[in-house]
Amino acid sequence: MTDLWWKSAVVYQIYPRSFADADGDGMGDLRGIIDHLDHLAELGVDVIWLSPIHKSPQDDNGYDISDYQDIDPLFGDLATFDELMTGVHERGMKLIMDLVVNHSSDEHQWFVESRSSKDNPKRDWYWWRPGRDGMEAGTPGAEPTNWGSAFGGPAWEYDKETGEYYMHLFSPKQPDLNWENPEVRGAVYEMMRWWLDRGVDGFRMDVINMISKVLPLADGRLTAGQAYADGSAGYINGPRNHEFLHEMYEQVFAGRTGLLTVGEMPGVTVDEAIRFTDQDRQEVDMVFQFDHVWADRGGDPWRVFPLQLTVLKGIFGRWQAGLAEEGWNSLYWNNHDQPRVVSRYGDDSPEFRAASAKMLGTVLHLHRGTPYVYQGEELGMTNYPFQSITDFRDIEALGQFRQATEIEGREAGDVLTVLRARGRDNARTPMQWDDSPNGGFSTTTPWLAVNPNYPQINAKAERANPDSVFHYYRQLIKLRHDEPAVVDGDFTMLLPNDERLYAFTRKGESAELLVIGNFTGETVEAEIDGWAGAELVLSNLPVNGLTMAPWQAVVYRRPAT
Ligand code: TEU
């Protein structure tokens with residue numbers, strides 16, 4: 001029988017360049033992580049996921065890897081990595097790596113060879129195509145398909161050397177690997193086994209539902225006002241995706257135990273997610289889906305829509321019901337690509353920041369699935385007050401700004417408003433450890449500015465305050481470990497049409513939980529019957545039955561009937 005230990009686990013994500021800088025160069029590093037492992041042990045998490053630390057030109061902060069089997073000197077070396085892994089294991093935690101194999105860096109030896117000539121043996125390791133029929137290669141519009149790339153501009157780069165284009169769904173420095181080629185797959189599996197043999201406990205797989213492209217490659221639909229087409233129908237959940245992941249399972253994971261695999265899958269549907277994570281199919285253990293973090297997006301990418309709670313509940317409800325029998329989901333509000341949730345779906349004003357951060361944590365962690373805590377979320381860290389485009393470092397923000405203002409003719413102010421609310425750098429500002437200069441992150445100016453609220457919001461202050469977000473997250477994590485209904489209980493959404501309260505039950509074999517979160521700054525009465533006399537398990541504020549104070553969360557328990 002497969003060991004599904006990760007159903008009761010909580011994962012903590014570290015974005016290494018922003019976690020802790022031990023060598024004083026303004027950039028986080030492996031030694032910095034080693035120095036702070038006790039913070040994570042005290043929080044009580046079971047697994048640490050490291051965003052990429054491999055050798056990389058850092059065009060997309062490490063999601064562009066030039067050597068899969070070495071550590072970037074910015075972060076340390078393999079010996080320090082081994083020391084980190086030992087420190088994690090000694091504290092009873094596990095360590096999973098980021099696996100970025102939809103694409104490599106253009107500086108990876110594989111691509112260097114591939115681009116060197118049309119008859120190089122590695123030519124077919126990437127997606128090379130001639131220009132569009134009847135057009136001169138290298139001129140605008142002659143790209144093999146009309147797809148846009150995630151960071152602005154076309155998804156194809158013209159290479160003068162051989163007169164052909166290569167595909168890059170992300171930056172031109174992230175050429176897509178050709179998974180149709182069995183040699184590519186073999187090389188990836190070999191590299192994965194090398195990490196597992198070294199002692200790592202699994203992988204978070206970057207955009208792993210983009211590795212199978214629909215053949216022949218074809219144009220996508222162009223929307224008015226947009227420079228390039230959305231090509232996603234040509235590469236999301238492609239025809240061989242399941243086959244590749246099952247093959248990976250057989251070649252890499254079969255016969256090994258105690259591991260965790262999570263597939264990051266933008267655009268994955270509930271039905272596809274069931275297939276990807278059904279244990280009998282032997283693909284991955286769980287997925288990251290995006291529907292709930294896209295709940296504030298509408299048709300126009302350059303507008304921020306206020307959260308409609310019923311929409312969010314509809315999304316979660318659909319995923320909870322869909323994966324109730326087969327399959328498993330990840331639960332997250334935050335990662336290195338998302339703005340801070342307390343600023344996004346909560347209220348980050350001094351009055352309500354801590355309460356709303358705790359309420360959001362409660363609602364998320366008590367769903368069915370494996371929760372992920374992103375660094376700083378356990379402190380209730382907030383978005384950064386960006387003033388101008390020059391405050392951003394993220395290739396996505398800079399690339400999209402350029403495309404929106406220069407090519408699509410949008411107002412810079414409008415674009416900035418959206419980047420301020422949604423830009424990825426909100427999550428990437430340095431971890432706030434204490435109230436010393438640079439928030440205790442570094443002794444020198446960090447690569448990205450520290451949020452000016454660090455004197456108030458920092459780990460040292462929160463650890464000393466029993467009422468902090470940090471200590472509340474400890475209780476949430478402990479509750480998952482102690483209460484089987486959190487792990488296995490059936491999920492039922494209550495009050496689906498209520499725009500203010502998020503409420504649901506989790507019914508396990510011996511206990512049933514009621515969870516309510518108030519998503520507003522007003523007092524709201526929860527009209528839910530049958531819970532008089534139930535035992536209070538957890539709340540972020542003084543409790544008064546089912547009268548919910550602004551941003552209050554409550555969890556009640558009663559025996560299951
Ligand atoms: O992100 C995948 C992804 O879909 C992103 O485009 C994300 O949705 C978007 O940036 C949100 O604004 C993964 C990594 O997590 C991300 O950091 C990388 O840039 C990307 O893949 C390419 O490797």
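If you're wondering where the values come from, they're calculated on a predicted model, not measured in any experiment. Values below: every heavy atom of this structure, side chains too, minus hydrogens, waters and symmetry copies. Order of appearance sets the numbers: ligands from 1, and atoms from 1 within every ligand.
Per-residue contacts place R428 under 4.0 angstrom from the following atoms of ligand 1 (heavy atoms of the residue considered): 17 (O). The ligand atoms of ligand 1 that sit less than 4.0 angstrom from a heavy atom of V207 are 2 (C), 21 (O).
Side-chain atoms of N426 come within 3.5 Å of backbone atoms of G423 as a donor-acceptor pair (strictly under, hydrogens ignored).
The protein atom (non-hydrogen) at minimum distance from atom 12 (O) of ligand 1 is E396 OE1, 2.7 Å. Considering only non-hydrogen protein atoms, atom 4 (O) of ligand 1 sits nearest to P266 CG, 3.2 Å. Protein heavy atom closest to atom 8 (O) of ligand 1, with residue, atom name and distance, is F290 CE2, 3.6 Å. The protein heavy-atom contact nearest to atom 20 (C) of ligand 1 is F170 CE2, 3.7 Å. In terms of protein heavy-atom proximity, atom 23 (O) of ligand 1 is nearest to D206 OD2, 2.7 Å. Residue, atom and distance of the protein heavy atom nearest to atom 7 (C) of ligand 1 are D337 OD2, 4.0 Å. The closest protein non-hydrogen atom to atom 18 (C) of ligand 1 is D60 OD2, 3.3 Å.
No side-chain donor from either of D206 and N102 sits under 3.5 Å from a side-chain acceptor of the other.
R123 forms a cation-pi arrangement with W128, by the criterion of a distance under 6.0 Å to the ring centre and an angle within 45° of the ring axis. Both cation-pi conditions hold for R17 and W447: the charged atom is under 6.0 angstrom from the six-membered ring centre and inside a 45 degree cone around its axis.
Note: H36 NE2 to W433 CH2 = 4.5 Å, rounded to the nearest 0.5 Å.
If you look at Q400 next to ligand 1, there are no close heavy atoms at all, none under 4.0 Å. With a 4.0 Å heavy-atom cut-off, ligand 1 is reached by the side chain of F151 but not by its N, CA, C or O. Proximity of M265 to ligand 1, defined as any heavy-atom pair under 4.0 Å, is not found for any part of the residue. If you look at H336 next to ligand 1, the close heavy atoms, those under 4.0 Å, all belong to the side chain.
Two residues are said to be in side-chain contact when any heavy atoms from C-beta on lie closer than 4.5 Å; Y332 and F288 meet this criterion.
Residue contact annotation: H103 has a non-hydrogen atom under 4.0 Å from ligand 1.
Classification of the F170-H103 ring pair by plane angle, with boundaries at 30° and 60°, yields tilted. A tilted orientation is assigned to the rings of H292 and W333, their planes being inclined by 30° to 60°.
Salt bridge annotation for K94-D46: absent, with no cationic side-chain nitrogen under 4.0 angstrom from a carboxylate oxygen.
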